[in-house]
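As structure tokens, the structure follows; a few thoughts come after it.
In listed order, ligands and their atoms are each counted from 1.
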Amino acid sequence: MPTIFSKIVSGEIPADIVHQDDLITAFRDVSPAAPTHILIVPNQEITGVDDLDDGQAEVAGRMFLVARDLARKEGIAEGGYRLIINSGPHGGQEVMHLHMHLIGGRPLGPMLSKA
Ligand code: AMP
């Protein structure tokens, strides 16, 4: 079964796509946590960080470079932003297709509540 993100990558379901290249697609999160909230995903279906192979360093690295470029494009590079990759149940991963959240546009507060 293709993931919902694979269907966005292939164009089967609509999304607000802000970047697409041979390895990566990036689109706006449907339920944004901040003024900028973009998801950066590999075009290839990789379940999560734990499923990355050593041979996939290029796609993993490209995710960061796309995040850097999109942050500049969104005008949030100077103020700062947060990159989040949730992994597995304790990490709160809901969609089982590797993705990086690029979040910014306002002060984001502490990373985790310590309660
Ligand atoms: P995670 O909890 O890290 O797996 O994050 C999944 C994210 O995907 C959430 O922030 C959702 O709001 C977002 N999301 C789910 N479905 C869609 C969709 N069709 N288009 C854009 N974002 C989505």
Side-chain angles (χ1 to χ4, degrees):
M1 276 285 284
T3 66
I4 190 160
F5 290 172
S6 285
K7 290 182 180 174
I8 288 173
V9 168
S10 68
E12 198 181 321
I13 65 167
D16 186 356
I17 293 177
V18 293
H19 171 90
Q20 191 157 43
D21 63 38
D22 58 323
L23 293 178
I24 301 292
T25 299
F27 49 92
R28 294 192 192 278
D29 196 293
V30 76
S31 178
T36 292
H37 188 165
I38 291 171
L39 300 174
I40 298 160
V41 315
N43 294 340
Q44 185 188 349
E45 205 166 294
I46 301 168
T47 303
V49 172
D50 193 54
D51 302 280
L52 276 167
D53 294 334
D54 289 351
Q56 289 172 316
E58 189 182 1
V59 71
R62 184 82 66 85
M63 290 172 76
F64 279 93
L65 297 177
V66 168
R68 176 202 64 189
D69 290 347
L70 286 174
R72 290 176 182 169
K73 220 164 158 180
E74 292 283 311
I76 61 170
E78 203 170 315
Y81 51 88
R82 186 168 292 157
L83 301 176
I84 299 173
I85 300 179
N86 295 323
S87 181
H90 285 192
Q93 184 177 2
E94 289 171 359
V95 177
M96 294 302 141
H97 184 138
L98 177 63
H99 53 282
M100 175 186 279
H101 298 252
L102 165 62
I103 301 173
R106 65 167 172 81
L108 296 169
M111 186 169 70
L112 285 177
S113 127
K114 292 188 179 162

(message) For residues 20-30, which residue pairs pass the salt bridge (Lys or Arg N to Asp or Glu O under 4.0 Å) check, not counting sequence neighbours?
(response) Asp16-Arg28, Asp21-Arg62, Asp22-Arg62, Arg28-Glu74
(request) For residues 39-52, pull every pair meeting salt bridge (Lys or Arg N to Asp or Glu O under 4.0 Å), keeping only residues two or more places apart or in separate chains. (result) none
(message) Ring-plane angle category for His37 and His101, please: parallel below 30°, perpendicular beyond 60°, tilted otherwise.
(response) tilted
(message) Rounded to the nearest 0.5 Å, what separates atom CZ in Arg68 from atom CG in Leu65?
(response) 5.0 Å
Atom pairs and distances, donor-acceptor, side-chain atoms in residues 83-96, under 3.5 Å, two or more places apart:
from, atom 1, to, atom 2, distance (Å)
Gln93, OE1, Gly88, N, 3.0
Gln93, NE2, Thr47, O, 2.9
Gln93, NE2, Val95, O, 3.0

(request) Could you name the protein residues that come within less than 4.0 Å of ligand 1, counting only heavy atoms, and order them by chain and residue number? (result) Ile4, Phe5, Ile8, Phe27, Arg28, Asp29, Val30, Ser31, Leu39, Asn86, Gly92, Gln93, Glu94, Val95, His99, His101
(message) Are the side chains of His97 and Val41 in contact, using a 4.5 Å heavy-atom criterion?
(response) yes
